[in-house]
Amino acid sequence: MATAVANLPALVRHNSFLSRVRSMLAPADLAMDLGTANTLIYLSGFGIVVNEPSMVAIEEASGTPLAVGSEAKRMFGKTSQAIRCVRPMKDGVIADFAISTVMIKHMLARVYSGWALRRPRIVIGVPPEITQVEKRAVIDAALASGCGKVLLVEEPMAAALGLELPINKAVGNVVVDVGGGTTDVAVICMNSTIYSHSIRVAGDEMDEAIQRAVQRSFGVLIGIFEAERIKLLAGSAVPFGQPRSVSAFGRDLATGRPRQIEISDEFIRGSLEDPISAIVASISTALEQTGPEIAHDIAARGIYLAGGGSLLKGLSLRLERETGIRFHRAHDPLSCVVRGVGKILEDMNGLRTLCIAQ
């Protein structure tokens, strides 16, 4: 026993060395939810290892990235003209290829370090109505970031996997993924998408609607992240039991001075009416496109909500009232897509056919 204990540090060093060798020869593969608001990375065998805002701070003169993720978000609106804070994703797809590549590289560097003989394979969730040009941009950005093989999967399909729905059975499943840039509605049955539709109205549009309403009604310009904070604190799709209000901070457009205002939940709810109505209309259109057999399944099982935008208070209740169908929100809607993409990664032999590009 004494000899075994004495040799323990050497054994640990030996095993650590072997682990490093194995990681260089065959690095773990990755799954990614490359979202408009947040980027999440799932590492095979470990789970979710990165969950950061999709934002990069760039030095204008040199193009050097100064910060990525949460640090860049904290810098937003607080830098000189020499530094630009950019959200390279818009409406669920790449809007700035170069900066998206920088962001992906930096996030992958948090997962991988050092040299490897084989570049990792990656599976990425994308909106269902992504164009061929947009697909190519995602694939090229991932390849330029050091990945070897890139597979794409539609986000509603990934969300259904993350929700653990029986997508491989003859049962109709409806998933509504309310993300940052898009709301995706899909009807899934027997490992295929029967119907899908994507609208570019989601969490970001809700924030912008609050921003516009405050400027129009109070003459105060608030930042987009201040609008997001207001939405999270007092935003809702249906009235609360008791009236609420929240303090908002911005710049008075008449005087140019900082100003604090109080905003009621009723005002916020009114400003969110247009984006919520657009989401309701998208779901209603999907229901109209389903056959009677699928409609029976939907009526019996309900509709499933995923995505960070589904966290808006009372949204599921509002959707139930509008459609007459039960809505179930995922336990962790923010990570639903990346957990589903991770399942494909862990069972590539059985689930590879779900990918739309391989």
Side-chain angles (χ1 to χ4, degrees), residues 30 32-41 49-111 122 124-127 130-131 133-147 150 152 155 179-183 198 200-212 215 221-232 250-251 275 307-309 334 337-338:
L30 302 155
M32 177 182 287
D33 176 11
L34 189 58
T36 303
N38 294 282
T39 295
L40 293 86
I41 297 177
V49 292
V50 172
N51 183 355
E52 291 281 344
S54 301
M55 182 165 285
V56 182
I58 297 284
E59 188 177 44
E60 283 280 21
S62 64
T64 304
L66 302 177
V68 175
S70 298
E71 187 178 352
K73 184 175 180 178
R74 286 193 292 269
M75 296 168 64
F76 185 84
K78 300 177 182 179
T79 62
S80 68
Q81 293 183 352
I83 300 173
R84 182 166 55 108
C85 293
V86 184
R87 297 178 72 181
M89 305 293 298
K90 183 169 178 60
D91 299 331
V93 295
I94 290 176
D96 190 313
F97 177 81
I99 296 180
S100 294
T101 303
V102 167
M103 182 181 76
I104 296 171
K105 278 184 177 179
H106 276 71
M107 291 190 177
L108 291 181
R110 299 180 185 181
V111 180
I122 188 168
I124 303 175
V126 294
I130 187 173
T131 66
V133 172
E134 290 166 342
K135 284 182 189 176
R136 190 71 252 170
V138 173
I139 292 170
D140 289 347
L143 292 174
S145 301
C147 295
V150 183
L152 305 181
E155 289 172 346
T182 63
T183 294
S198 181
R200 300 196 170 188
V201 177
D204 284 356
E205 180 60 32
M206 294 180 191
D207 301 338
E208 291 167 8
I210 293 172
Q211 194 178 33
R212 290 192 299 267
Q215 181 173 336
L221 179 63
I222 62 172
I224 193 66
F225 292 125
E226 177 70 355
E228 180 186 35
R229 184 186 70 86
I230 291 167
K231 178 186 69 177
L232 293 174
R251 176 169 58 86
L334 281 167
V337 169
V338 77

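The shown structure was predicted, so the numbers you read here are calculated from the model rather than taken from an experiment.
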Between atom [atom1] of [X] and atom [atom2] of [Y], what is the distance when rounded to the nearest 0.5 Å?
X      : Y      : atom1 : atom2 : answer
Ile94  : Met89  : CD1   : CE    : 5.5 Å
Met55  : Phe76  : CE    : CZ    : 5.0 Å
Thr79  : Glu60  : OG1   : CD    : 9.0 Å
Met103 : Thr39  : CE    : OG1   : 3.5 Å
Arg136 : Thr131 : CZ    : OG1   : 12.0 Å
Asp207 : Leu232 : CG    : CG    : 7.5 Å

> Side chain of Ser54, backbone of Gly35: donor and acceptor closer than 3.5 Å?
Replying inline: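 Answer holds: yes.
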> Is the side chain of Gln211 donor-acceptor paired with the backbone N or O of Ile222 at a distance under 3.5 Å, no angle test?
Replying inline: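 Yes; at least one donor-acceptor contact below 3.5 Å.
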> How far apart are the C-alpha atoms of Met107 and Val68, what are their side-chain angles, what is the distance that settles it, and do they pass the side-chain contact (heavy atoms from CB on, under 4.5 Å) test?
Replying inline: CA-CA 8 Å; Met107 291 190 177; Val68 175; 4.1 Å; yes
Within the structure provided, determine whether [X] and [Y] are in side-chain contact (heavy-atom separation under 4.5 Å).
X      : Y      : value
Gln215 : Arg212 : no
His106 : Arg110 : no
Ile99  : Arg84  : yes
Leu143 : Val150 : yes
Leu34  : Ile104 : yes

Taking all heavy atoms of [X] and all of [Y], pick out the closest pair and write down the distance.
X      : Y      : result
Met75  : Ala67  : SD-CB, 3.7 Å
Cys85  : Ala57  : SG-CB, 4.0 Å
Gly92  : Thr36  : N-OG1, 2.7 Å
Asp96  : Ser100 : O-OG, 2.8 Å
Asp91  : Gly181 : OD1-O, 3.6 Å
Ala142 : Ile124 : CB-CD1, 3.9 Å

> Of Val50, Val49, Leu108, which is the lone residue that meets side-chain contact (heavy atoms from CB on, under 4.5 Å) with Leu30?
Replying inline: Leu108
> Is the shortest distance from a Lys or Arg side-chain nitrogen in Glu226 or Arg229 to a carboxylate oxygen in the other one below 4.0 Å?
Replying inline: yes
> Are a donor atom and an acceptor atom from the side chains of Glu52 and Ser70 found within less than 3.5 Å of each other?
Replying inline: yes
